[in-house]
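In what follows, every heavy atom counts, from backbone to side chain, and hydrogens, waters and symmetry copies are set aside. We number each residue from 1, following the sequence as shown. Start at 1 and go down the list; that is how both ligands and their atoms are numbered.
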Amino acid sequence: MQTLKLSNKELQAQAQRFRIDVLKTLHDKGTGHWGGSASIADLLTYLYYRRMNIRVDEPQWEDRDRLILSKGHASPMLYAVLEGRGFLEKGTLSSFRDLNSSLQGHPCMNKTPGVEMSTGALGHGLSVGLGMSLISRMKGNSFYTYVIVGEGCLNEGQSWEAIMAAGKFAPEKLVLLIDYNKVQLDGTANEIMPLDPLADKFRAFNWNVSDRTFDGHDMESIEESFRWLDEQTDGPSVIIYDTVKGKGVSFMENSNAWHGAPVGDDHFEKALPELTEQLAKWEDD
Ligand SMILES: Cc1ncc(C[n+]2csc(CCOP(=O)(O)OP(=O)(O)O)c2C)c(N)n1
């Protein structure tokens with residue numbers, strides 16, 4: 001496994017550097033999707049730098065762990081992490097959303113090394129992930145399939161069909177990671193479609209569900225969540241992460257206004273120092 005030996009603190013700092021990369025990119029390109037990108041920075045960093053069994057120099061290696069970003073609008077953070085990890089050449093992020101760029105607004109598996117599934121239409125990722133995990137079992141492979149969803153994906157009926165089917169076929173290595181930031185595009189999750197009691201719903205569908213939720217912005221807590229996962233021996237598993245939409249910039253946090261809004265000059269100049277100050281604290285610690 002080509003993992004890197006970074007401590008939790010170093011991972012925390014690396015995730016913050018990715019937030020900075022993403023904020024700069026969104027500002028440079030006059031585009032958005034900060035909120036849902038910032039909320040998965042820590043989880044994606046942990047997955048690609050600590051957890052996933054991948055070969056950067058062989059992105060199509062058959063037994064690699066798969067990650068599907070079902071909430072495809074958060075593509076900027078996925079691209080930042082893929083670039084940081086070496087799947088993309090340094091500087092590729094600066095072509096985000098350019099015409100014919102390999103980095104489209106939503107992930108495209110035919111254009112971007114490391115992207116396993118094209119996503120953007122909410123709710124498809126888990127069905128595809130279920131298929132991948134069943135194929136893994138049939139072929140005798142050992143890879144995990146991780147699927148990241150937000151509330152929007154869980155508002156889609158297709159997700160619940162996949163949840164029901166996974167309860168029946170019980171793939172051991174299908175893992176649903178829920179970025180539970182409780183804010184969507186045009187309101188809170190409770191205003192749009194309440195999901196609670198979320199863990200109980202998965203239990204009722206015969207999934208492995210931890211008795212606790214995990215802090216999706218704390219590497220120790222993320223590490224604990226995977227320790228819990230490693231204790232699960234059969235059936236699909238779900239991990240629910242408490243997260244903050246827009247995490248890291250005080251005036252962008254917990255606000256649907258920053259779901260897709262472009263990052264203009266004024267906001268960028270106020271936001272960047274908040275991110276860099278926090279980064280300096282982690283680097284000094
Ligand atoms: C099928 C479908 N319907 C609507 C949209 C438009 N859309 C994009 S993101 C979004 C809200 C997503 O909310 P959430 O999953 O909470 O996003 P997060 O905060 O996790 O990024 C919506 C409605 C879409 N991409 N696909």
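Residues satisfying the salt bridge (charged side-chain N to carboxylate O under 4.0 Å, His left out) test with Glu116, not counting sequence neighbours, are Arg64. Annotation: side-chain hydrogen bond (donor to acceptor under 3.5 Å, both in side chains) contacts of Asp215 (sequence neighbours excluded): none. Annotation: side-chain hydrogen bond (donor to acceptor under 3.5 Å, both in side chains) contacts of Thr188 (sequence neighbours excluded): Glu191.
From Ser221, atom OG reaches atom CZ of Arg212 across 4.5 Å, with rounding to the nearest 0.5 Å.
Counting only N and O atoms by type, the side chains of Arg50 and Asn8 include a donor and acceptor under 3.5 Å apart.
Near ligand 1, heavy-atom contacts under 4.0 Å come from Gly36, Lys71, His73, Gly120, Ala121, Leu122, Gly150, Glu151, Gly152, Glu156, Asp179, Asn181, Val183, Gln184, Leu185, Lys245, His259.
Under the 30°/60° scheme for interplanar angles, the aromatic rings of Phe205 and Trp160 are found to be tilted.
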